[in-house]
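Written below as structure tokens is the structure these notes are about.
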Amino acid sequence: MKIPFTKMHGLGNNYIYIDGFETKINEELLPQLSQAVSDVNTGIGSDGLILMLPSTNADVRMRIFNKDGSEAMNCGNGLRCVAKLAYDSGYVPKEQFQIEAKSGVVEAEVVVIDGIVEQVTIDMGEPILQREQIPMVTANYTNETVINEKFPVGDQDLFATAVSMGNPHVIFYVEDINDAPIDTVGPEVTSDARFPEGVNVEFVEVLNDHEINFRVWERGSGITQACGTGACASVVASVLNNYVKRGESVTVHLDGGDLTITWEENGHVMMKGPAVNVAEGIYFLKT
Ligand SMILES: N[C@H](CCC[C@H](N)C(=O)O)C(=O)O
């Protein structure tokens with residue numbers, strides 16, 4: 001089966017995008033298709049697979065699968081690229097529209113310069129802070145939320161802040177992002193039993209009250225160049241820990257570049273950043 005695709009990235013967080021309006025794929029094949037296309041040796045090479053699909057609740061729908069084939073509830077970089085793809089494809093001939101993710105419907109706005117979508121703003125909605133909804137399970141806890149809570153990992157006492165953007169994130173603060181134990185703590189915590197659905201693991205260095213450095217070990221994909229939902233969760237966590245201010249924009253420096261995130265006074269988290277086309281092609285699915 002020949003499958004047309006577009007490879008796109010948001011700050012280096014790259015996915016294989018399939019236009020589900022044109023190409024119909026048996027959805028039972030999607031997890032293994034994500035694994036196959038993500039493989040840099042035998043596939044195309046990516047952090048996973050994203051489908052742009054018709055929606056009855058919004059202008060378009062996004063489904064996102066990680067490199068390991070697991071389906072995720074949300075993807076910030078993916079939403080920006082789906083917005084670009086939907087606008088460029090002509091399916092959504094307007095600059096403000098809605099996208100349905102598994103976690104819910106978000107508002108998107110594309111910034112078009114000389115006919116090209118360069119930047120996209122997504123209203124990511126409200127973060128989820130109640131530990132049982134993250135979900136995070138811990139014995140005899142006292143607070144409903146998880147803010148700078150002792151979180152033993154091996155023989156280390158780390159301190160965790162947990163936030164969901166529809167998908168689960170745990171944030172650890174470090175003195176220097178270059179020393180973040182991403183290769184050890186990342187894989188260990190992402191499948192920790194205290195997170196029954198797994199978790200995206202973020203490390204944050206606070207530079208000042210409007211700038212943070214950020215690295216991520218993503219659930220289902222490992223280290224990526226950027227994580228949009230993770231950047232949103234990290235700004236929320238930084239407000240909760242009094243490092244940055246509610247209602248003020250924060251520049252998040254990720255491996256792949258910068259995102260501008262604001263946790264607005266109305267409770268919504270706004271994310272602004274680029275979406276880039278890399279290539280178009282045909283993938284030969286062996287069935
Ligand atoms: N690995 C994530 C999904 C991708 C999120 C990330 N790429 C983003 O831009 O938000 C999860 O399993 O929840």
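Just follow the structure's listing: the first ligand is 1, and inside any ligand the first atom is 1. Just so you know, these numbers use all the heavy atoms, side chains as well, and skip hydrogens, waters and symmetry mates.
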According to ring pair (Phe, Tyr, Trp, His ring centres under 6.0 Å), who are the partners of Y173, at least two apart in sequence or on a separate chain?
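So Y173 forms a ring pair (Phe, Tyr, Trp, His ring centres under 6.0 Å) with Y243.
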
Ring pair (Phe, Tyr, Trp, His ring centres under 6.0 Å) partners for F21, two or more places apart
Y91

Residue by residue, ordered by chain and number, which ones reach under 4.0 Å of ligand 1 with a heavy atom?
N13, Y15, I64, N66, A72, N74, C75, G76, N77, N167, N200, E218, R219, C227, G228, T229

Should the pair K286 and Y283 be classed as cation-pi, given the thresholds of under 6.0 Å to the six-membered ring centre and 45° from the axis?
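Ring-cation test returns yes.
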
One thing to verify: whether R219 and D68 come together as a salt bridge, which I'm taking to mean a side-chain N less than 4.0 angstrom from a carboxylate O.
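No salt bridge links D68 with R219.
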
Member of E27, E100, M52 meeting the side-chain contact (heavy atoms from CB on, under 4.5 Å) criterion with R63
E27

Anything under 3.5 Å between a donor and an acceptor, one on a side chain of residues 227-234, the other on a protein residue two or more places apart or in another chain? List them.
| unit_1 | atom_1 | unit_2 | atom_2 | d |
| --- | --- | --- | --- | --- |
| T229 | OG1 | N167 | ND2 | 3.1 |
| T229 | OG1 | H169 | NE2 | 3.1 |
| S234 | OG | G230 | O | 2.8 |

